[in-house]
Student: 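Mind looking over this structure? Questions follow.
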Amino acid sequence: MEWKLKERIRLFFSWMIVSALHSAMLSAQPLMPETGVSFKTSDINLQKVFDKAERIAKSNEKTFSNYQVMVEGGGYSAVYLETQPMGGAMYAKRDVSIAKNNQLVFMVCQREDGRLPGSVRVKDGGLVSRYHELQGNYLPIEAFEVYFWLGQEEKYLRKLYETLEKYDNYLWRTRDSDHDGCLETWCIHDTGEDHSSRFGDSYHSWPFDFAPTLENLNNLSEKDSLQLCSDIYNHCKGCLKFDSPLPMESMDVMSYSYGNRYVLLRISRILQNGEADFWKKKAVDVQEKMKDYLWIPEKHACYDRDRDNKVIDILIHNNLRCMYFGSFSQQMADEFIKHHLMNPDEFWTRMPLPSVAVNDPAFRNMAGNNWSGKPEGLTFQRSIRALENYGHYAELTLIGKKLLKVIADSLFFVQQFDPFTGQCDEPLVRSGYGPTVLASLEFISRFYGIHFSQNKVNWSCLDNLNDYEYSQKWGDRLFKMETRDNRVFCSVNGKNVFSFSKGVRVISDVNGDLLQVVGIEPGNKNGIVQVDGVSFSFSVEPNGVYDFQKGLKKISEIPFFAPGYN
């Protein structure tokens, strides 16, 4: 009996020690700011879009081992590098923990050589990584945005720096097989353009760290051949016709590197680690190579090059992806928007943003998951950062209103759309598709509500007869915007900070101190901003940015290109 009593006492104290250590670990973790969104409007159809999108987004939350994440949805049960860092960052408005986890699952699954997984799944309670394709690289800027939602957590930022540095080194060590200074895509899924006809008879996946040249294919070991053929999406080695442009000199993969380097520059400035100038030069090197090698001035667009380094003369929406990463100069972005994006014969179709210009011989209006032509929900999601990076806010408003109208008409959040009819494509097959859901919610926040970007708060309201009430919780602060007639009233923690006339975006800091007024409508807007009982008149042009601290002086000269500009 005595030994049993001693054993119980020992177990009790062991339990006490473990509990104390666990409590200490939990207390050492930085507090996660609580977030949440509410939205009410007299626009019944828009309210239905918001409410259904909220429900679907919630249903896409899943448990991956120790991580609560948001999956892509619409039948896709994994987190993909091309979608879910961005999805997580957008979901930070509602759950910062999930936003962080959607970045961390890729960081913790990074290989020793720096390679990031293209996707991560859960199996038997553990994380399973796939490295058969790059599957985009939408981690850098999104993970950096989440840093601000977290309240600027330094440990997280240092982990991100380490991850991006290792990955950028991996890309340049492996993906420039002909050593010409331009990174390459080695399979269709590297850039996430599933089934795109522009790739010809190419491999969908490529699990190796050497290029898919004909010589390398012929020299594959039996083990490597079996690995290549094990993927049901791939051709078998013996069946391959090699009617393929791969390895392809890629505007996408170059932009992946630019995204890495740009964020490494930003982090270096915060950490003051002495590397900012180094990463600035490295980022500029990528931009200059893209402009010199892939940009064709007389065509006003970038074009990839094939395995023989010949220009692939297919006009693709991937130029918009480059703008998402910021790898274009302002002039390049302006030219692509003017000559192509807003051109009704190319990308400004009834439902805009087809994957391939509709007048290009390579365009295919194919159903299902196919990047040969139809506009994709994922492209609408990416268009937000792409257009805002270059100050084309009014053009983005036209894009977002198109998407919200189509969704309101059907209440189906599908993967892709018909560019000519504007109809949802196969609504029962991919309904509940996460990127389309989040794009819709994000457009609502940018047109009739509040969104954060790092340390700035954006308050927006388009000019119409409907009423709106939007609130955003972040930690111990509640930001609220509500309309009465043509006026928008803004408050922080119940204290009125300013009001403004509908039809513009007002940018403040997190305390509600006003910084700028932005033109987000396709037409000129006149009105007032009222702060502390004092009114300031404004006359705002499309894409105009006006500095409040300089007496609403215009500080941006970004042109607005209406559809059919040419």
Side-chain angles (χ1 to χ4, degrees), residues 46 49-50 52-53 56-57 60 70 72-74 76 80 82-91 136 138 142 191-194 316-325 336-337 340-342 346-358 369-371 373-390 392-427 430-448 451 460 462 520 563:
L46 187 64
V49 171
F50 178 87
K52 186 170 184 179
I56 295 173
N60 285 338
M70 169 171 280
E72 188 168 344
Y76 299 104
Y80 294 88
E82 66 171 338
T83 63
Q84 291 319 102
M86 179 169 45
M90 288 184 171
Y91 204 59
Y138 291 80
E142 306 300 346
T191 57
E193 294 172 79
D194 299 13
I316 51 178
H317 87 287
N318 304 50
N319 285 264
L320 193 65
R321 296 185 183 188
C322 295
M323 291 167 54
Y324 166 93
F325 290 101
F336 181 76
I337 293 170
H340 302 298
L341 188 66
M342 308 308 290
E346 295 181 348
F347 292 101
W348 196 258
T349 44
R350 182 173 181 180
M351 188 62 170
L353 310 188
S355 299
V356 179
V358 296
N369 172 27
N370 194 301
W371 287 77
K374 287 196 173 186
E376 299 273 347
L378 184 50
T379 303
F380 281 93
Q381 189 183 24
R382 291 168 177 160
S383 72
I384 298 173
R385 187 176 300 283
L387 273 294
E388 288 184 345
N389 276 345
Y390 296 91
H392 286 276
Y393 307 104
E395 291 91 341
L396 181 62
T397 295
L398 296 176
I399 290 171
K401 289 178 74 173
K402 287 260 191 179
L403 177 67
L404 291 175
K405 174 65 167 59
V406 168
I407 299 299
D409 287 345
S410 66
L411 287 181
F412 286 124
F413 297 85
V414 298
Q415 184 170 4
Q416 60 183 39
F417 305 85
D418 189 289
F420 305 115
T421 67
Q423 297 299 308
C424 292
D425 185 57
E426 299 188 46
R430 293 293 182 191
S431 186
Y433 183 57
T436 307
V437 169
L438 293 172
S440 300
L441 291 172
E442 202 69 11
F443 277 123
I444 289 173
S445 76
R446 277 163 164 75
F447 298 164
Y448 314 107
H451 77 275
S460 310
L462 299 180
I520 60 173

Student: When the ring planes of F380 and F417 are compared, do they come out parallel, tilted or perpendicular, using 30° and 60° as the limits?
Tutor: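 It falls in the perpendicular class, over 60°.
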
Student: When you compare the side chain of L396 with that of H392, does any pair of heavy atoms fall below 4.5 Å?
Tutor: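 Side-chain contact under 4.5 Å: no.
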
Student: Kindly write out the residues that satisfy side chain to side chain contact (heavy atoms under 4.5 Å, CB included) with P354, not counting sequence neighbours, or none if the list is empty.
Tutor: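 Expected list: F347, T349, V358, F363, P375.
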
Student: Considering non-hydrogen atoms only, spot the tightest contact between P563 and L398 and give its length.
Tutor: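 Nearest heavy atoms, P563 then L398: CD-CD1, 3.7 Å.
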
Student: Sequence neighbours left out, what passes side chain to side chain contact (heavy atoms under 4.5 Å, CB included) with K52? Give chain and number order.
Tutor: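 Per chain and number, K52 pairs via side chain to side chain contact (heavy atoms under 4.5 Å, CB included) with R55, I56, L411, F413.
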
Student: Just wondering, do Q381 and Y324 contact through their side chains at under 4.5 Å, heavy atoms?
Tutor: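 They are not in contact (no side-chain heavy atoms under 4.5 Å apart), so the answer is no.
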
Student: Closest approach of Y80 and E72, non-hydrogen atoms and distance?
Tutor: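 Result for this residue pair: CD1-OE1, 2.9 Å.
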
Student: Of all heavy-atom pairs between M323 and F336, which one has the smallest distance, and what is that distance?
Tutor: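 So the two residues come closest at SD-CD2, 4.3 Å.
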
Student: In chain order, what residues pass the side chain to side chain contact (heavy atoms under 4.5 Å, CB included) check against N389, with sequence neighbours excluded?
Tutor: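 With sequence neighbours excluded, N389 shows a side chain to side chain contact (heavy atoms under 4.5 Å, CB included) to R385, given in chain and number order.
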
Student: Could you give the side-chain donor-acceptor pairs of residues 434-444 under 3.5 Å, partners two or more places apart or in another chain?
Tutor:
from: T436; atom 1: OG1; to: V414; atom 2: O; distance (Å): 2.6
from: S440; atom 1: OG; to: T436; atom 2: O; distance (Å): 2.9
from: E442; atom 1: OE1; to: K93; atom 2: NZ; distance (Å): 3.2
from: E442; atom 1: OE2; to: K93; atom 2: NZ; distance (Å): 2.8
from: E442; atom 1: OE2; to: R446; atom 2: NH1; distance (Å): 2.6

Student: Donor-acceptor check, side chain of S445 to backbone of H451, threshold 3.5 angstrom: yes or no?
Tutor: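 A pair under 3.5 Å: no.
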
Student: Would you please test E82 and Y138 for side-chain contact (heavy atoms from CB on, under 4.5 Å) and show each step?
Tutor: CA-CA 5 Å; E82 66 171 338; Y138 291 80; 4.2 Å; yes

Student: Without hydrogens or angle criteria, can the side chains of E388 and Y393 be said to hold a donor-acceptor pair below 3.5 Å?
Tutor: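 No, because no side-chain N or O of E388 sits under 3.5 Å from a partner of the opposite role on Y393.
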
Student: side-chain contact (heavy atoms from CB on, under 4.5 Å), that's the test. Do N60 and Y91 meet it? Break it down for me.
Tutor: CA-CA 11 Å; N60 285 338; Y91 204 59; over 6 Å; no

Student: When rounded to the nearest 0.5 angstrom, what is the spacing between CD in E193 and CD1 in I316?
Tutor: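 Interatomic distance, E193 CD to I316 CD1, rounded to 0.5 Å: 6.0 Å.
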
Student: Answer whether the closest heavy-atom distance between the side chains of L387 and I337 falls below 4.5 Å.
Tutor: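 Heavy-atom side-chain distance check passes, below 4.5 Å.
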
Student: Would Q84 and Y76 count as having a side-chain donor-acceptor pair, cut-off 3.5 Å?
Tutor: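 Distance-only check fails for Q84 and Y76.
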
Student: Write down the atom of Y433, the atom of Q415, and the distance for their closest heavy-atom approach.
Tutor: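 Of all heavy-atom pairs spanning Y433 and Q415, the closest is CD2-CA, 3.4 Å.
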
Student: How would you list, by chain and number, every residue that makes a side chain to side chain contact (heavy atoms under 4.5 Å, CB included) with T379, sequence neighbours excluded?
Tutor: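 Expected list: H317, L320, L353, W371, E376.
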
Student: Look up atom CH2 in W348 and atom CG in L341, then write down how far apart they are to the nearest 0.5 Å.
Tutor: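 Nearest 0.5 Å value for the CH2-CG distance: 7.0 Å.
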
Student: Nearest 0.5 angstrom please: M351 CE to D418 CG, how far?
Tutor: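 Answer rounded to 0.5 Å: 10.0 Å.
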
Student: Which pair of heavy atoms, one from F447 and one from L404, lies closest together, and at what distance?
Tutor: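 Shortest heavy-atom contact: CD1-CD1, 4.0 Å.
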
Student: What distance do R382 atom CZ and L378 atom CG have between them, rounded to the nearest 0.5 Å?
Tutor: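 Here the rounded value is 3.5 Å.
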
Student: Scan for side chain to side chain donor-acceptor pair (under 3.5 Å) pairs involving residues 399-408, sequence neighbours excluded, and state none if there are none.
Tutor: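 Pairs touching residues 399-408 that pass the test: K405-D409.
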
